[in-house]
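Just below is one structure, and these are the notes that go with it.
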Amino acid sequence: AQTVTQSQPEMSVQEAETVTLSCTYDTSESDYYLFWYKQPPSRQMILVIRQEAYKQQNATENRFSVNFQKAAKSFSLKISDSQLGDAAMYFCAYRRRGSSNTGKLIFGQGTTLQVKP
Amino acid sequence: GAVVSQHPSRVICKSGTSVKIECRSLDFQATTMFWYRQFPKQSLMLMATSNEGSKATYEQGVEKDKFLINHASLTLSTLTVTSAHPEDSSFYICSARDNWGTEAFFGQGTRLTVV
């Protein structure tokens with residue numbers, strides 16, 4: 001069975017600084033997606049970034065980038081120039097790819113990010 | 001991105017009554033919908049997966065008779081918590097995806113309080 005592990009329950013970063021959130025996963029599949037979701041105090045889940053496993057290039061979205069290490073099964077999120085609005089709970093998620101797949105997401109435990117002014 | 005609307009955002013009900021939560025995809029056809037439960041400061045726990053016109057597939061440990069899921073159309077899925085008890089109080093979130101989409105889109109969530 002696939003699992004996703006976030007080993008940092010809480011992280012903090014100074015405004016304008018950079019922070020990296022860790023995520024590891026376990027799967028025997030070779031074709032899958034990885035995601036980072038943000039859940040602010042409103043509790044609305046927001047997609048931050050997505051990575052296809054077949055792509056070697058790391059995904060980037062403005063201030064957000066990932067370090068995808070497929071062999072190591074690691075998928076960390078780097079937030080540059082942190083802003084107060086980045087304060088939220090962040091979830092790493094895995095999803096198998098393929099026509100027979102329902103698209104079920106497997107979530108990590110979450111990391112609460114605090115941004116200090 | 002696509003919009004998923006979940007209603008109500010908050011509901012308080014008396015113990016023993018049933019409550020229905022709706023999840024609508026507003027601008028796409030949701031062939032698959034997912035229902036999650038989330039406790040404070042914890043991760044999302046998948047309760048069930050539903051495909052339009054089919055019976056829902058429940059995760060292990062989730063009582064199908066207590067949490068009734070109906071996905072009767074391509075834009076609407078409902079979760080009914082039957083004979084609710086205080087331990088059912090939680091935050092419930094739905095998400096939906098179409099046949100081709102890579103990602104699932106999430107509703108705003110429903111905070112259920114059973115008194």
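Just so we're on the same page: letters track the sequence lines, and every chain starts at 1.
Hydrophobic clustering of Ile, Leu, Val, Met, Phe, Trp and Tyr side chains at less than 4.5 Å, counting indirect connections, keeps B:Met33 apart from B:Leu74. Taking hydrophobic clusters as Ile, Leu, Val, Met, Phe, Trp and Tyr residues chained together by side-chain heavy-atom distances below 4.5 Å, B:Phe34 does not share a cluster with B:Met45. No chain of hydrophobic side-chain contacts below 4.5 Å, direct or via other Ile, Leu, Val, Met, Phe, Trp or Tyr residues, connects A:Tyr33 to A:Tyr25. No path of Ile, Leu, Val, Met, Phe, Trp and Tyr side chains, each step under 4.5 Å between heavy atoms, connects B:Leu68 with B:Val62, placing them in separate hydrophobic clusters. Under the 4.5 Å side-chain heavy-atom criterion for ILVMFWY residues, no single connected hydrophobic cluster contains both B:Ile69 and B:Phe106.
Of all residues in residues 47-60 of chain A, those placing a non-hydrogen atom less than 4.5 angstrom from a non-hydrogen atom of chain B are A:Leu47, A:Arg50. Residues of residues 105-117 of chain A lying within less than 4.5 angstrom of chain B, judged on heavy atoms, are A:Leu105, A:Phe107, A:Gly108, A:Gln109 in numerical order. Among residues 86-93 of chain A, the residues having any heavy atom closer than 4.5 Å to a heavy atom of chain B are, in sequence order, A:Met89, A:Phe91.
Only the side chain of B:Leu46 comes within less than 4.5 Å of a heavy atom of chain A; its backbone N, CA, C and O stay farther away. Neither the backbone nor the side chain of A:Gln6 comes within contact range of chain B; no heavy atoms are under 4.5 Å apart.
Around atom CD of B:Gln29, no more than 12 heavy atoms belonging to other residues, nucleotides or ligands sit under 6.0 Å away. Within 6.0 Å of the NE2 atom in B:His7, the count of heavy atoms belonging to other residues, nucleotides or ligands does not exceed 12. Atom NZ of B:Lys55 is surrounded by 12 or fewer heavy atoms from other residues, nucleotides or ligands within 6.0 Å.
There is no side-chain donor-acceptor pair under 3.5 Å between A:Arg43 and B:Gln108.
From B:Thr32, atom OG1 reaches atom NZ of A:Lys104 across 12.5 Å, with rounding to the nearest 0.5 Å. Remark: B:Ser43 OG to A:Tyr37 OH distance equals 12.0 Å, nearest 0.5 Å.
Counting only heavy atoms from C-beta outward, the side chains of B:Val4 and A:Met45 never approach each other to under 4.5 Å.
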Side chains of residues 71-82 of chain A: which donor-acceptor partners sit under 3.5 Å, not counting sequence neighbours?
{"from": "A:Lys73", "atom 1": "NZ", "to": "A:Thr27", "atom 2": "O", "distance (Å)": "2.8"}
{"from": "A:Ser82", "atom 1": "OG", "to": "A:Glu17", "atom 2": "O", "distance (Å)": "2.8"}

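Most heavy-atom pairs under 4.5 Å with chain A, from the set B:Gln38, B:Lys41, B:Glu103: that is B:Gln38.
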